[in-house]
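To start, the structure under review is shown below, and the notes come after it.
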Amino acid sequence: MEYTQLGRTGLKVSRLVLGTMNFGPQTDEATSHAIMDTALDAGLNFFDTANVYGWGVNKGRTEEIIGSWFAKGDGRRDRTVLATKVYGNMGPDGEAWPNHDKISALNIRRAVDASLKRLGTDYIDVYQFHHVDRATPFDEVWQAIDVLITQGKILYAGSSNFPGYKIAQANEAAARRGMVGLVSEQCLYNLYERRAEMEVIPAAQEYGLGVIPWSPLHGGLLGGVLKKETEGKRRTEGRAAETLADPAVRAKFQAYEDLLDKHGLAPGEVGLAWLLTRPGVTGPIVGPRTPEQLAGALRALELELSDELLAELDGIFPGPGPSPEAFAW
């Protein structure tokens, strides 16, 4: 396993991040434990979750599954870099109760204690803001985070789904308080969806944040979905079906699969390997539902993409270019 520093910190993390959103709703507890054991045995030490994960079963269920895995001992917690998130409403009985969501000082205090209890641990390595909260000033947010760091409940803070200007605002506010600020940004980024290259990734690089792409295969579309559809192995539905309904977009994915078929490469592995070549990327989040899917993701670490292939991929899915050149002269 290859490791890298998380942004400008001294924290070493694996180049793949284990996403746990499927644990509970789609993957039962025993299989979830097996996936985490396989990941840790392979050297994958960076696990990502969120307090709201467990939708469809109950919010918080995913953290509980991770907590029961930690409880098995054998150094599981000590060897894991644990990241979770706060923002979504965790009100009682599914109610959208006031002050049980977003990142006010009150909700941060309440949410971190609840996550620690579900996770069965006394600290969180990276505590992430799951979304922008435009109603809460960053001075309030950092005051709450400072208390948590002093209490030893969290070590670092990160963001998710932040625009570039909010990354800048957050870290400038932290600097005024003499704090480290955000150390990572988790954003939607993949070969098809490259708008993060305009502002988010440059801002993250400027402020020393590690970039953690979510949906690295764009909901499976970059995993060979057209071939699977033809072979009857997968039926496209929801957002994937809507995306492929555009003939021009469908043609791009067909060209992508044809190119990789010519090179004898698996589309899903290439989609992950491509992200590992991108400047500023710490590691993409992979969210396997089975140990077999995790094994496929791990193979991406062994791929070396040639400059010729990278250029061909850019030809199919060109990026927007940096800002402001992406939209100005």
Side-chain angles (χ1 to χ4, degrees), residues 16-17 19 21-22 25-26 55-56 160-161 163 186-201 211-279 281 283-290 292-301 303-323 325-327:
L16 285 182
V17 183
M21 188 170 67
N22 292 320
Q26 298 190 47
W55 296 305
S160 181
N161 304 305
Q186 193 176 125
C187 59
L188 175 60
Y189 183 39
N190 55 57
L191 189 53
Y192 174 73
E193 176 50 83
R194 296 178 60 172
R195 284 177 291 180
E197 293 175 358
M198 295 173 64
E199 297 272 6
V200 174
I201 293 174
V211 175
I212 306 170
W214 62 266
S215 195
L217 300 182
H218 206 68
L221 288 175
L222 291 164
V225 68
L226 296 180
K227 184 176 182 179
K228 293 174 183 176
E229 188 179 64
T230 301
E231 295 175 347
K233 295 179 181 178
R234 174 171 178 163
R235 178 184 174 186
T236 53
E237 52 190 16
R239 188 171 64 175
E242 292 174 7
T243 302
L244 292 174
D246 184 335
V249 173
R250 189 180 186 90
K252 286 179 178 287
F253 282 100
Q254 188 64 65
Y256 169 73
E257 292 188 22
D258 290 345
L259 171 65
L260 299 184
D261 187 56
K262 181 180 72 174
H263 286 273
L265 296 171
E269 295 172 22
V270 171
L272 294 174
W274 178 83
L275 280 168
L276 293 171
T277 70
R278 307 308 300 165
V281 169
I285 296 175
V286 296
R289 293 187 295 275
T290 66
E292 292 74 24
Q293 289 181 344
L294 176 59
L298 290 169
R299 287 194 292 271
L301 295 168
L303 281 185
E304 291 189 17
L305 306 183
S306 67
D307 291 341
E308 177 188 1
L309 179 57
L310 289 171
E312 290 180 289
L313 291 171
D314 274 340
I316 298 170
F317 298 116
S323 177
E325 288 86 350
F327 48 81

Inset, instruction - Indicate yes or no for a side-chain donor-acceptor contact from R299 to the backbone of E269 under 3.5 Å, with no hydrogens or angles considered. - result: no
Inset, instruction - Would you mind listing every side-chain hydrogen bond (donor to acceptor under 3.5 Å, both in side chains) that reaches into residues 242-251, with sequence neighbours excluded? - result: E229-R250
Inset, instruction - For residues R194 and D314, determine if any side-chain heavy atom of one lies less than 4.5 Å from a side-chain heavy atom of the other. - result: yes
Legend entry - Neighbour count >12 (heavy atoms, 6.0 Å) for atom CE, M198: yes
Legend entry - Atom pair CG (L276) and CG (L303), whose distance is rounded to the nearest 0.5 Å: 9.5 Å
Legend entry - L272 to A300 - nearest heavy-atom pair and separation: CB-CB, 3.6 Å
Inset, instruction - Evaluate the side-chain proximity of Y189 to V200: yes if any heavy-atom separation is below 4.5 Å, no if none is. - result: no
Legend entry - R195 CZ: over 12 foreign heavy atoms closer than 6.0 Å: no
Inset, instruction - Taking all non-hydrogen atoms of both residues into account, name the closest pair between A326 and P320 and its distance. - result: CB-O, 3.3 Å
Inset, instruction - Looking only at non-hydrogen atoms, find the nearest pair between G224 and P267 and report the distance. - result: N-CB, 3.5 Å
Legend entry - R289 backbone acceptor or donor facing Q26 side chain under 3.5 Å: no
Legend entry - Nearest-0.5 Å distance, CG of residue L309 to CD of residue E304: 12.5 Å
Legend entry - Separation of K227 NZ from D258 CG (nearest 0.5 Å): 10.0 Å
Legend entry - Ring centres under 6.0 angstrom apart (Y192, W274): no
Legend entry - Nearest-0.5 Å distance that lies between atom CG in L16 and atom CG in L301: 4.0 Å
Legend entry - Atom pair CG/CG of L305 and L260 - distance to nearest 0.5 Å: 9.0 Å
Inset, instruction - Could you check V286, N161, N190 and say which one makes a side chain to side chain contact (heavy atoms under 4.5 Å, CB included) with W214? - result: N161
Inset, instruction - State, to 0.1 Å, how close P216 and L275 come at their nearest heavy-atom pair, and which atoms those are. - result: CB-CD1, 3.4 Å
Legend entry - Nearest non-hydrogen partners of E257 and L226, listed with the distance: OE2-N, 2.8 Å
Inset, instruction - Mark yes or no for whether Y256, through its side chain, and I316, through its backbone, hold a donor-acceptor pair below 3.5 Å. - result: no
Inset, instruction - To the nearest 0.5 angstrom, please state how far the CD atom of E193 sits from the CG atom of L217. - result: 14.0 Å
Inset, instruction - Decide yes or no for P213 and V281: does some side-chain heavy atom of the first lie under 4.5 Å from some side-chain heavy atom of the second? - result: yes
Inset, instruction - Mark yes when over 12 heavy atoms from residues, nucleotides or ligands other than E325 sit less than 6.0 Å from its CD; otherwise mark no. - result: yes
Legend entry - Nearest non-hydrogen partners of G219 and S215, listed with the distance: N-OG, 3.1 Å
Legend entry - Validation row: V211, C187 side chains within 4.5 angstrom (heavy atoms): yes
